[in-house]
Amino acid sequence: MSLLDYFRTSKISSASLAKERLQILVAYERSSSSQPSYLPQLQKELLLVIQRYVDVSQDAMTINLEQNDNQETLELNIVLSDRRRN
Amino acid sequence: MARIIVVTSGKGGVGKTTTSAAISMGLAKKGHKTVVIDFDVGLRNLDLIMGCERRVVYDIINVINGEATLHQALIKDKNCNLLSILPASQTRNKDALTQEGIGKILEELAKEFKYIVCDSPAGIEKGAHLAMYFADDAFIVTNPEVSSVRDSDRILGLLASKSRRAEQNAEPIKEYLLLSRYSQERVRSKEMLSLDDVQEILSLDLLGVIPESKSVLLASNSGIPVILDEKSDAGQAYADIVARYLGEKKPHRFIDDKKGFFRKLFGGK
């Protein structure tokens, strides 16, 4: 820390901006590349079935496979809109 | 036992060929019989960096297709008789590279050479895949720049899943970081990702930092691997890298420069 730094406006540096963006991106890409290859297809088909009964949009659904030491959990999240079709 | 090293990065222009030329020369100069192979079919450049472009007669595709023997295609380096170069084809399509063909070539080279250095093309297509497939060690050449770090991370994923060692469930490929085109000055002024920043994301064994250096362009201009320019910073960085790879203890250099008193006080650039 230098003397002049005290008088400088505390602005985020170019390098730390780069690091932040990279960390977020790399974390996302690592998690998506470690998922099994059938997940996107599974998501598509599930969505088609659900859409037969309920009005949901493409991005209202997230699918996630989590692996712990001794079990795998398939997590499915669907946000339903207020108006529901029968 | 021969050791197969792949020099890879994903991104182009980060210094793979410069690194391949330098470390293969360095290993040979240390007394190890070494061969360096160009996998960039259609865009070969290792021959130019090694200064043997006018001596290329046959190439790796000729060998795979049985049009030449391996020994007809190998070029002895003019600076070091323990070093040979196997050039890529400049005219053929990369589809001519086959896993079986490369496997056979490597098997034959392994009988004669101690180190086999594979200079990977950029990207993640066939040439890059085959360059890394048989590797024992991977030198990941990365620049302190967002797209290069991202691509390196992608390559690490491929090394862990799409290599022979991964497929055979053998001990994984040993991965090393070579951080190139590093500018201490720009890191100090917080314009450039630092070594620590890059390591926070990739966390690899660091083999060395290669400073951004005028000598790299001069070396490629004259077709002499930069490691032979012993006075240059980049040449010394590569010499350190080779020594560390061979197990010598060398303190890391070119990471922080000493700050002067006034610079400390005023934080000047």
Side-chain angles (χ1 to χ4, degrees), chain A residues 1-48 57-78, chain B residues 10-11 124 140 142-163 166 172 175 177 179 181-204 212 255-256 258-269:
Chain A
M1 190 57 117
S2 78
L3 205 64
L4 279 188
D5 282 346
Y6 289 108
F7 305 107
R8 286 187 182 144
T9 47
S10 60
K11 199 170 63 175
I12 190 161
S13 77
S14 181
S16 51
L17 178 64
K19 185 171 125 189
E20 247 181 65
R21 291 176 59 218
L22 258 176
Q23 280 174 321
I24 294 165
L25 182 68
V26 164
Y28 172 76
E29 287 181 343
R30 276 179 194 164
S31 71
S32 56
S33 71
S34 64
Q35 287 185 335
S37 54
Y38 60 76
L39 266 196
Q41 187 63 28
L42 176 66
Q43 174 164 6
K44 234 185 243 168
E45 288 177 25
L46 280 174
L47 194 68
L48 281 178
S57 66
Q58 196 99 36
D59 48 350
M61 180 166 155
T62 55
I63 190 165
N64 196 18
L65 190 71
E66 266 182 36
Q67 280 165 305
N68 293 330
D69 295 338
N70 45 15
Q71 62 174 12
E72 280 181 69
T73 320
L74 183 69
E75 185 187 86
L76 196 65
N77 253 310
I78 307 160
Chain B
K11 191 177 181 299
I124 50 174
I140 316 289
T142 304
N143 292 168
E145 183 270 328
V146 285
S147 55
S148 175
V149 177
R150 177 200 207 174
D151 290 0
S152 293
D153 191 70
R154 179 95 170 85
I155 287 292
L156 291 173
L158 294 175
L159 286 168
S161 62
K162 298 267 153 65
S163 60
E175 300 152 347
L177 174 67
L179 192 58
R181 310 199 70 163
Y182 197 75
S183 163
Q184 294 170 26
E185 200 172 86
R186 302 195 75 184
V187 168
R188 198 190 317 119
S189 60
K190 297 195 166 57
E191 290 173 18
M192 184 181 267
L193 291 168
S194 69
L195 169 65
D196 289 345
D197 292 340
V198 174
Q199 282 292 52
E200 235 177 89
I201 290 159
L202 299 179
S203 45
L204 293 169
E212 170 80 62
I255 298 171
D256 309 294
K258 301 272 178 292
K259 282 190 173 187
F261 171 74
F262 284 102
R263 188 177 277 156
K264 244 181 203 162
L265 195 62
F266 296 110
K269 290 194 174 176

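Residue numbering restarts at 1 for every chain, and letters A, B, ... go by the order of the sequence lines. Values in this document were obtained by computation on a predicted structure and should not be read as measured data.
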Participant: Within a strict 4.5 Å, meaning less than it, do heavy atoms of the B:Leu193 and A:Leu22 side chains meet?
Facilitator: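 B:Leu193 vs A:Leu22: side chains touch.
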Participant: Count the heavy atoms belonging to other residues, nucleotides or ligands that lie under 6.0 Å from CZ of A:Arg21, then report whether that count exceeds 12.
Facilitator: no
Participant: Which residue pairs satisfy the salt bridge (charged side-chain N to carboxylate O under 4.0 Å, His left out) criterion with at least one member in residues 38-47 of chain A, sequence neighbours excluded?
Facilitator: none
Participant: Looking at residues at least two apart in the chain, or sitting in another chain, which of them share a side-chain contact (heavy atoms from CB on, under 4.5 Å) with A:Leu25?
Facilitator: A:Glu29, B:Arg150
Participant: So, for A:Gln23 and B:Ile201, which heavy atoms are closest and what is the spacing to 0.1 Å?
Facilitator: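 So the two residues come closest at CG-CG1, 3.8 Å.
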Participant: The criterion is side-chain contact (heavy atoms from CB on, under 4.5 Å); which residues satisfy it with A:Asp59, sequence neighbours excluded?
Facilitator: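 Partners of A:Asp59 under the side-chain contact (heavy atoms from CB on, under 4.5 Å) test: A:Ser57.
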Participant: Are there residues of residues 154-162 of chain B that reach to under 4.5 Å of chain A by heavy atoms, and which ones?
Facilitator: none
Participant: Nearest 0.5 Å please: distance from the OG atom of A:Ser14 over to the NZ atom of B:Lys190.
Facilitator: 12.0 Å
Participant: Under a 4.5 Å cutoff for heavy-atom pairs, which residue among B:Val187, B:Asp153, B:Asp197 has the most contacts with chain A?
Facilitator: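 Of the options given, most contacts go to B:Asp153.
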